[in-house]
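What follows is one structure encoded as structure tokens, with my remarks underneath.
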Amino acid sequence: MVVLLTAFGIVLLGALAQAVSGFGYALVTVPLLAATLDPRSAVVVSALTGIGVTLIAAVRERAFARWPVALALTGTALLGLPVGLLVLAYAPERLLSAVIAVVVLGCVALVWSGARIRTGPVGLGAVGVLVGVLTAATGTNGPPLVAAFHSLDYDPRTFRATIAATFAGTGLMGLGGFVATGQLHADVVRTALVALPAVPLGWWLGNRLFHRLDPAVFRRLVLVGLLGSAGVALAGLAG
């Protein structure tokens, strides 16, 4: 019961972060769930509960999304998905924890530095493949998208809408991969079902905050949230 209640609280926090920043859900939930459950279960529970957030956001914000970019990224992500599924199925748990920690810290560094990447067809294609790998292997597929969309100078509304559209497509592909490789089992499904009601509550709270934020505050909140998540990931790895 304690584990289930903890998972509920983690999902609530992740949904709130997603609504505010547009991409915080997995970066918050996966490290925290990994510390509560195990890395593989954390990835799958995060995917099961988070798909509703991204689908709702993609539909509600569809008028603000750059759909050609989202579709191109989703299409190329399919190429990287099998590699990510192999990592999830066969990598030792400690290695998975290390990858999660590195990905979260990488996202912090990218957002903090304001790093720019190539956003032409080749650059976006490479980002898409990497997103596919991370979708299945760690669930934390936001970092390369954050770098790409910052390079495209998207405003917060366009950023949130386009990344939600991309997450919706890659999330559905990831769930299909988890089903095909037998990653869905009774404990994972039970935990996801208990935590699922936290999603709309967290989204509602986060959405109210989002509409009261200016771009500077938006950026600072993203950084603070990711630093906290990175700290949890490192603590879990050290343990």
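Computation of the quantities below employed the complete heavy-atom set of this structure, encompassing side-chain atoms and omitting hydrogens, waters and symmetry-equivalent molecules. Quantities reported herein were computed from a predicted structural model and do not represent experimental measurements.
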Beyond-backbone contact of F167 with N141, side-chain heavy atoms, under 4.5 angstrom | yes

Just wondering, do V43 and R40 contact through their side chains at under 4.5 Å, heavy atoms?
-> no

Co-membership, hydrophobic cluster, residues F64 and L145, 4.5 Å side-chain = no

Short question: side chain of T54, backbone of I51 - any donor-acceptor pair under 3.5 Å?
-> yes

T6 side chain vs V2 backbone, donor-acceptor pair below 3.5 Å = yes

Do you know which of T162, D155, I163 makes side chain to side chain contact (heavy atoms under 4.5 Å, CB included) with F159?
-> I163

V131 pairs by side chain to side chain contact (heavy atoms under 4.5 Å, CB included) with which of T135, V133, L134?
-> T135

Candidate pair R160 and Y154, rule side-chain contact (heavy atoms from CB on, under 4.5 Å), full reasoning = CA-CA 9 Å; R160 187 173 78 155; Y154 286 169; over 6 Å; no

Which other residues end up in the same hydrophobic cluster as [X], if Ile, Leu, Val, Met, Phe, Trp and Tyr are linked when side-chain heavy atoms come under 4.5 Å apart?
{"X": "L193", "result": "V189"}
{"X": "M1", "result": "L5"}
{"X": "V59", "result": "none"}
{"X": "I56", "result": "none"}

Side-chain donor-acceptor distances from residues 74-90 under 3.5 Å, at least two apart:
| from | atom 1 | to | atom 2 | distance (Å) |
| --- | --- | --- | --- | --- |
| T74 | OG1 | A70 | O | 2.8 |
| T76 | OG1 | A72 | O | 3.0 |
| T76 | OG1 | L73 | O | 3.1 |

Check against side-chain contact (heavy atoms from CB on, under 4.5 Å), T158 and R66 | CA-CA 7 Å; T158 303; R66 303 292 173 86; 3.8 Å; yes

Pairs involving residues 189-198, ordered by first then second residue, that meet side chain to side chain donor-acceptor pair (under 3.5 Å) (sequence neighbours left out) | D187-R190

Quick one: do M173 and T170 satisfy side-chain contact (heavy atoms from CB on, under 4.5 Å)? Show the steps, please.
-> CA-CA 5 Å; M173 289 192 307; T170 57; 4.1 Å; yes

Might you work through the side-chain contact (heavy atoms from CB on, under 4.5 Å) test for L196 and V11, ending with a clear yes or no?
-> CA-CA 8 Å; L196 194 58; V11 168; over 6 Å; no

